[in-house]
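Scope of the values below: all heavy atoms of this structure, side chains included, with no hydrogens, waters or symmetry mates. Quick caveat: nothing in here was measured; it's all calculated off a predicted structure. Protein chains get the first letters and strands the later ones, always in sequence-line order, with residue 1 at the start of each.
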Amino acid sequence: MAAKKTKSIQLKTKNRSRRAGSKRKIILNTPEKSQPGAKKSTTRIPRKRNALGVKRVARIIRKNVSETEEVAKPRRVAINKALYENSPEEFDAPWVIAYRDEPSEEQTSRNRGHMLLAILVATLMLGVFNSNALVSWVRGLPAGDIEDRIISTTEIWNGWMEKRGLDEYMAAARKYIENMKEANW
Amino acid sequence: MLFPTLDFALFFMLVFIVSWELRRHFEARKIVLLAASYFFYGYWDWRFTGLLAASSLLNFGAGHLLQRHEEIGTRKLIVGIAVGINLSVLGFFKYYGFFLDSLTDVLVRFNIERDLPFLEIILPVGISFFTFQGISYVVDVYRREVKASTSLVDLCLYISFFPQLVAGPIVRASEFLPQLTAPPRLSRAQMGQGVALILVGLFKKMVIANYLATEIVDKVFFDPSAYGAVDLAVGVYAYAIQIYCDFSGYSDIAIGIAALLGYRFQRNFDQPYRAKSLREFWRRWHISLSTWLRDYLYKPLGGSRHGKFATYRNIILTMVLGGIWHGAAWTFVLWGVFHGVAIATERFIVQLVPQRTYAVAGYGAGKVGRILELSDSGGRFIAGLAGFFLTFNLVCFSWILFRSTDMETVFMMLQGLTDWSVGPELATPFISLLVFGTLAAQFLPGRWVDKTGIYLSRLDGITLGVVLGAGLLFIEAVSPEGVAPFIYFQF
């Protein structure tokens, strides 16, 4: 999606909310390819901090975005976090700096969901293929009505899994290991 | 609560869900993680949660005082008192019994009988780790390498964070405290790394370490006289692999769990058995402890700045104290002495060997240059191979001291290693495969676990779950019954 240049220095960013006054987020990573035909911009930013470093970086960022150019994709520059923190006033509003490898709040939410889903799937697999171990564990719970109900439910579940032969895979793997252990020279 | 148990799995799932739900309220999140850490620690023995809290308060107070005072004398006094109290607590719980036993032995030799005040002291789990962590915080504040934490919750969480509380890695305040003040984030890379490390760690601990312990190591060290040299030799190698898999497995799981909670820890082991020298071995083995000893013991003693003999003295002292840290027994002291003397000797020999000049001057053009280059690289390869072989066997010899419960067992092991008349009984193909297969895996590319993590990070949630589930099922299927405690819990 193209963005027209305005007077103030703004890069087209991944921030899709285009409300007036909304902060533009710059994803700071290695420079990305520009659109076909356009000049490739590969800007290397010095890693080390020095007295001129921050101003130099800000100049380079501004230079990358000329007032007459249209960009289809955000320009990206790599920046040292320390450089930004040293003189944040150089990167005045509406810039919001995101650092390399650091996910945003939205990405964290998505990743958390992915991980929860992964944990649930893994738990389900353990419950299906290793229901024996679950029965052994719940039998170690202290006595009580709720615990008894949990134990009986788990035993019923284990029975279903055994009927369908889903516990055979684990038993086969264990048998294979036992045979390997007993092998001699 | 041990890592490879269903209790811990349920505990971690709950902590994961609640902590990430609170990611926008990260002060509340830290309180939840702190409460979870104290629950985790109290699961062993609730009485020692008070000790943990007291240690955290002491270090917080010392840091706070150091931040307020600028005079060098006052600062030295504060850090001295704080370190002294930390070490006294550690010394009381860990070394009181050992000290009295040794004193009794000495008095008996001189026919002196005394009723010494013996006490039944239970060693708090992980005391060596969280005490060293507290000391590193106070000393770093004293050295102005890190600012004193203004938040008691942060400092308490730094010391008691449950993944690394009982068996390390020993995390530095400069690494962890800034992560606690930043908003928590979870990247795909951390997810992939976490899952990869947890699976690798569980496999090392539950399969390799447990089998080696139950099938050969415990048997040969219990009664060395019952076995021949082949079984004893393989048993010693098996212990080297067992302790590596046990400890690095725990560290991997701890780092993986921390990654899933959004925190990054440094690696604690870096394929130590591929080292070509003892110095390299200690740069790869228990990295958090060896760097702690270097920064807080070796360098304050003077390091290598005051001549050769002072350097050797400092090396030996550091390794002896490192050995004592591991346990209250003379075998640990001897283990430390062995490593100290060996490293000092190695340093002495290296300084005697003349530097090669070819690599500096260049091999030159033509056939002669090519021959020189080939012979140089061939020589380096042979030297490397010899270095690996010698280092590995020296380290394994030292493990005899480390593992034996007393000197009698050490002598029986050494005597038994000379008797090659008896064939192998415990050194079966399965055990040999575990030992030498794990040793061969030391030569895999250094970052293979990280690369596996990167691959896993590209998977979607369901596929990642299938991989995780399949990995856990495989480990559960091939591991022996029961869960043995981690070796480093006793330290």
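- For the pair A:Gln107 and B:Arg185, the minimum side-chain heavy-atom distance is 4.5 Å or more.
- Residue contact with chain A, scored on non-hydrogen atoms closer than 4.5 Å, is absent for B:Leu456.
- Only the side chain of B:Val195 comes within less than 4.5 Å of a heavy atom in chain A; its backbone stays farther off.
- Remark: A:Thr123 OG1 to B:Leu468 CG distance equals 8.0 Å, nearest 0.5 Å.
- Heavy atoms closer than 4.5 Å to chain A are found nowhere in B:Ala9, neither backbone nor side chain.
- Ranked by heavy-atom pairs shorter than 4.5 Å toward chain A, the options B:Asp460, B:Leu464, B:Thr428 are led by B:Thr428.
- When the heavy atoms of residues 146-153 of chain A are compared with those of chain B, none of the residues falls under 4.5 Å.
- Within the model, atoms CG of B:Leu186 and NE2 of A:His114 stand 10.0 Å from one another, a figure rounded to the nearest 0.5 Å.
- Taking every heavy atom of both residues into account, A:Val121 and B:Val466 meet most closely at CG1-N, 3.7 Å.
- With a threshold of 4.5 angstrom between heavy atoms, B:Gln190 does not approach chain A through any atom at all.
- Residue with the most contacts toward chain B among A:Arg174, A:Met170, A:Lys181, A:Met180: A:Lys181 (heavy-atom pairs, distance under 4.5 Å).
- Proximity to chain A is limited to the side chain of B:Pro424, based on heavy atoms less than 4.5 angstrom apart.
- Annotation for B:Ile462: atom CD1 does not count as buried by contact number, only 12 or fewer foreign heavy atoms lying within 6.0 Å.
- B:Phe265 meets the ring-ring contact (aromatic ring centres under 6.0 Å, His included) test with B:Phe176; sequence neighbours excluded.
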So B:Thr5 and A:Trp137, side-chain contact (heavy atoms from CB on, under 4.5 Å) or not? Walk me through it. CA-CA 10 Å; B:Thr5 57; A:Trp137 184 76; over 6 Å; no

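- Only the side chain of B:Tyr211 comes within less than 4.5 Å of a heavy atom in chain A; its backbone stays farther off.
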Decide yes or no on side-chain contact (heavy atoms from CB on, under 4.5 Å) for A:Tyr176 and B:Val478, but give the supporting numbers first.
CA-CA 9 Å; A:Tyr176 182 74; B:Val478 303; over 6 Å; no

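- Atom CD of B:Glu145 sits in a crowded spot, with more than 12 heavy atoms from other residues, nucleotides or ligands closer than 6.0 Å.
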Show every donor-acceptor pair shorter than 3.5 Å between a side-chain atom in residues 20-29 of chain B and any protein atom, with sequence neighbours excluded, or say none if there are none.
unit_1  : atom_1 : unit_2   : atom_2 : d
B:Trp20 : NE1    : B:Leu260 : O      : 3.0
B:Glu21 : OE2    : A:Arg112 : NH1    : 2.5
B:Arg23 : NE     : A:Glu105 : OE2    : 3.3
B:Arg23 : NE     : A:Ser109 : OG     : 3.4
B:Arg23 : NH1    : B:Trp20  : O      : 2.6
B:Arg23 : NH2    : A:Ser109 : OG     : 2.7
B:Arg24 : NE     : A:Glu105 : OE2    : 3.2
B:Arg24 : NH2    : A:Glu105 : OE2    : 3.0
B:Glu27 : OE2    : B:Lys30  : NZ     : 3.2
B:Arg29 : NE     : B:Ser19  : O      : 2.9
B:Arg29 : NH1    : B:Tyr263 : OH     : 2.9
B:Arg29 : NH2    : B:Leu261 : O      : 2.8

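- The residue among B:Gly423, B:Ala182, B:Pro429 with the most heavy atom pairs within less than 4.5 Å of chain A is B:Pro429.
- Among the residues in residues 125-133 of chain A, those with a non-hydrogen atom closer than 4.5 angstrom to a non-hydrogen atom of chain B are A:Met125, A:Leu126, A:Phe129, A:Asn130, A:Ala133.
- Using a 4.5 Å cut-off between heavy atoms, B:Ile431 does not touch chain A at all.
- Counting heavy-atom neighbours within 6.0 Å of B:Phe11 CZ, excluding the residue itself, gives a total above 12.
- Residue B:Thr463: no heavy atom, backbone or side chain, is found under 4.5 Å from chain A.
- Considering only heavy-atom pairs separated by less than 4.5 Å from chain B, the leading option among A:Ala122, A:Ala172, A:Ala183 is A:Ala122.
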